Amino acid sequence: MPRQYPLDRIRNIGICAHIDAGKTTTTERILFYTGRIYKIGEVHDGTTTTDWMEQERERGITITAAATFCTWKGLDGVERQINIIDTPGHVDFTMEVERSLRVLDGAIVCFDAGNGVEPQSETVWRQAERYNVPRIAFMNKMDKVGADFDMCVQSMHEKLAANAVPIQLPIGAEDKFQGVIDLVHMKALVWKSDKLGTKYEIEEIPADLLEKSKQARAHLIEKVVDFDDKLMEKYLDGKEITEQEIVLAIRKATISGNFCAVMCGSAYKNKGVQPLLDAICDYLPAPSDLPATKGTDFKTGEAILRNAKDSEPFAALAFKIQVDPRAGGRKLTYIRVYSGTLTAGSYALNSSKNSEERVSLLLRMHADKSEDIKEIYAGDIAAVIGLKNTTTGNTLCDLKSPVVLESMHFPEPVIGVAIEPKSKSDEEKLAVALSRMAEEDPTFRVRTDEETGQTIIAGMGELHLEIIVDRMKREFNVQANVGRPQVAYRETIRDRVEIEGKYIRQTGGRGQYGHVWLILEPSEVGKQFEFLDKIKGGTIPREYVPAVQKGVVEAMEGGILAGYPVVDIKCTVFDGSYHDVDSSEMAFKIAASQAFKEGARKAKPVLLEPMMKFEVVTPEDYMGSIIGDLNSRRAQVTENEQRGNARAIRGTVPLAEMFGYATTVRSLSQGRASFNLEPSHYAEVPRAVSEEIINKHASASATK
């Protein structure tokens, strides 16, 4: 079956932003205007297409990235297929954004026109930069009180260091927002009578905005000619640059990743969405516009390139696993195809795990609905049923042409809670539910506390874990008791030490003999663990060195001070001895473990705690009491800026001090302040606090 749309007419885009900037509403309008849905749903009514989970509809937030598709005829009259992923804005679900951006070719970043760049906007922007995803900025909510287009563009320059250039200007703002000025074609697009916004009038630019529009267009041309030498020549010669040349130059500049076209509108009031669709077609890349995808040969480690062509060997990345409770618990694996084709009923190689997988069914997704398809092609995003061993970040490829594509980066969890089943019957169901959800979500971890025997679940924040517990009740019918949140502390060392470890046991028959000398020293922050083998002259046989490493790693997991994992350590094994008969892997493992524990205690061990970036937006009247409260929580305030008639307070604060902060900030501001938290880094815990944590751990251990 031939492909429906040529590769150059496919767009894979994501819609992402800070929480409440209007991503889902924008997606809903796109689906309505493209004829994909026939009734507009609203977030506050719980009726939108892409927020299909019960928890999303109840809370009015997006939790999981939903995939859908539509078609749109651009200004050139050519119809294109647009695959869309609507992503969450809440920082607890930042992993959903991360894995979506990894497989997308372009993104629409929505901003709240009253607030400009907000904390999660910055995070999303950096994620898009990591994967070189071309972006268009959409200043949404232009009808909102305090909407200020120029302030938003300025905030992109200041906070994102973005080359953000308007290709539209708003006509009016707040309740007087009527439409936009198209700076490329120098026309006014005005939405007048039609409540659903399906029709707009193309008019001449209002006289009072004509001069400003001419200046903005001149600025736009000046910026885009930088990306095209021939156009730059024409511009410097003072020749007229045509509308078509401007469109092509904006496209080239956007695809380079060093230019961001800025547009505006109000998705909720149905204004400005159709020009955004035109811009997706005109300016964002098709899969064929992007460089070849880099991979490696998993046997030789050599670099391999895969071009976006159906004729090349098949290669795809699994970017999301979803257990579909509405379809008997079927496992859906979402994949992005980078090259070649895949048919239902065929086989593919999971090169990340070197295992063969059978593709039972292929589905094209529309949020929680799907349609069976026979074949998928280069550039497609689809769901596969039947894959047994594939997890997020794995590569699927042609059996005869193996390749491993670059995987994804996922942050470490920062918060954990103890969980236990309410009854014996819930015990087995709990284990199944936790393993299923850990498979779906790489930032959700499950472990057993060796000292207490409790099951600990860890995630990116209180809301993340709250949603997981809620899903267990609804989807898996598991009733569970949940403990108080626990901070994911870490431990490290500050000094360099040389330490000896000996494990010698002599019993009746064969004994045990392991002897090592280790150097322990701090490594670069974020390196986690480095192990170096500097054994000379065979003082420890090669086959025992991996056992030494294993012993150190296991000892690190148990901690030194308070039982928390040890990080950012460099360990060098440089000497030791062995016995021809009595030495074994177990003996060297125990010797290394003992050496590490003793050495780490002498190397000035310290506790580390997760620090969070925060932003509190509050009316000025409450600023003093909010800053006072933040100071009492060991916060460091770094910025305090005016935002409209409110103040935006930014800084860093230990996560341990912020549990239940939502209630405090509401009571301090009579419900008028809002706040946002996101993981920043780990920092050393002050001595007094550290001693308290260590003593608590010691007394808990003593009672067992």
Side-chain angles (χ1 to χ4, degrees), residues 7-8 10-17 65 67 82-85 87 94-111 117 120-138 156-157 159-165 167 223-224 226-228 248-263 279-296 303-309 312 315-320 334-339 378-381 392-393 395 403-411:
L7 199 58
D8 63 350
I10 302 265
R11 300 287 182 272
N12 292 316
I13 67 151
I15 298 185
C16 40
I82 304 172
N83 298 318
I84 303 170
I85 296 183
T87 63
T94 190
M95 173 272 309
E96 288 285 335
V97 186
E98 179 85 27
R99 61 177 165 196
S100 300
L101 286 170
R102 168 65 182 84
V103 297
L104 293 170
D105 302 328
I108 303 295
V109 184
C110 291
F111 295 87
V117 175
Q120 188 63 7
S121 324
E122 289 188 47
T123 306
V124 166
W125 195 266
R126 306 280 172 247
Q127 286 171 318
E129 279 185 340
R130 185 182 302 136
Y131 295 119
N132 300 317
V133 178
R135 283 141 280 172
I136 290 175
F138 182 61
M156 285 185 73
H157 293 157
K159 291 178 182 166
L160 304 176
N163 185 15
V165 182
I167 60 169
K223 286 286 187 182
V224 294
D226 277 347
F227 297 89
D228 191 312
L248 292 173
I250 294 173
R251 179 177 178 75
K252 192 173 180 181
T254 303
I255 292 172
S256 77
N258 298 315
F259 175 94
C260 180
V262 185
M263 306 179 74
I280 290 168
C281 295
D282 283 341
Y283 307 133
L284 289 181
S288 52
D289 292 319
L290 296 169
T293 305
K294 290 175 186 165
T296 52
I304 298 175
L305 293 180
R306 284 280 192 270
N307 293 295
K309 290 178 182 172
E312 292 236 343
L317 189 76
F319 67 95
K320 181 180 168 74
Y334 285 79
I335 65 169
R336 157 69 197 264
V337 184
Y338 285 97
S339 64
D380 281 352
I381 289 175
T392 301
T395 301
V403 63
V404 179
L405 303 176
E406 183 199 344
S407 190
M408 310 176 199
H409 158 86
F410 294 118

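Predicted, not measured: the structure shown is a model, and the values here were computed from it.
Residues forming a salt bridge (charged side-chain N to carboxylate O under 4.0 Å, His left out) with Lys294 (at least two apart in sequence, or on another chain): none. Under the salt bridge (charged side-chain N to carboxylate O under 4.0 Å, His left out) criterion, Asp226 pairs with no residue, sequence neighbours left out. In this view, Arg251 and Asp289 satisfy the salt bridge (charged side-chain N to carboxylate O under 4.0 Å, His left out) rule, not counting sequence neighbours. Residues passing the side chain to side chain contact (heavy atoms under 4.5 Å, CB included) test with Ala107, sequence neighbours excluded: Cys16, Leu101, Val133, Arg135. Scanning for side chain to side chain donor-acceptor pair (under 3.5 Å) contacts around Thr293 gives an empty result, with sequence neighbours left out. Applying the salt bridge (charged side-chain N to carboxylate O under 4.0 Å, His left out) criterion to Arg336, with sequence neighbours excluded, gives Asp105. Shown here are the side chain to side chain donor-acceptor pair (under 3.5 Å) partners of Arg306, two or more places apart in sequence or in another chain: there are none. Applying the side chain to side chain donor-acceptor pair (under 3.5 Å) test to Asn307 and every residue at least two apart in sequence or in another chain returns Glu312. Judged as a side chain to side chain donor-acceptor pair (under 3.5 Å), and not counting sequence neighbours, Tyr283 has no contacts. Every side chain to side chain contact (heavy atoms under 4.5 Å, CB included) that Thr296 has, sequence neighbours left out, goes to Val404.
Rounded to the nearest 0.5 Å, atoms CG (Asp228) and OG (Ser256) are 11.5 Å apart. Atom-to-atom distance recorded for Cys260:SG and Lys223:NZ is 12.5 Å, nearest 0.5 angstrom. The CD1 atom of Ile84 sits 5.5 Å away from atom CD1 of Ile15, with the distance rounded to the nearest 0.5 Å.
Taking all atoms of both residues into account, the shortest heavy-atom contact from Pro287 to Ala308 is O-CB, 3.8 Å. Among all heavy-atom pairs drawn from Leu7 and Ala286, the shortest one is O-CB, 3.5 Å. Between Cys281 and Arg11 the shortest heavy-atom distance is O-NH2, 2.9 Å. Considering all non-hydrogen atoms of both residues, Val337 and Ala316 come closest at CA-CB, 3.9 Å.
A side chain to side chain contact (heavy atoms under 4.5 Å, CB included) with Met156 is found for exactly one of Val165, Asn163, Val117, namely Val117. Across Ile167, Asp282, Leu284, a single residue satisfies side chain to side chain contact (heavy atoms under 4.5 Å, CB included) together with Ile136, and that is Leu284.
Side-chain contact between Phe227 and Asn258 is present, with heavy atoms from C-beta onward closer than 4.5 Å. Side-chain contact between Val103 and Tyr131: absent, with no pair of heavy atoms (C-beta onward) separated by less than 4.5 Å. Counting heavy atoms from C-beta on, the side chains of Asp380 and Ile10 come closer than 4.5 Å.
Annotation for Lys309: atom NZ does not count as buried by contact number, only 12 or fewer foreign heavy atoms lying within 6.0 Å.
Of the possible polar contacts, none joining the Arg102 side chain to the Phe319 backbone as a donor-acceptor pair under 3.5 Å is found.
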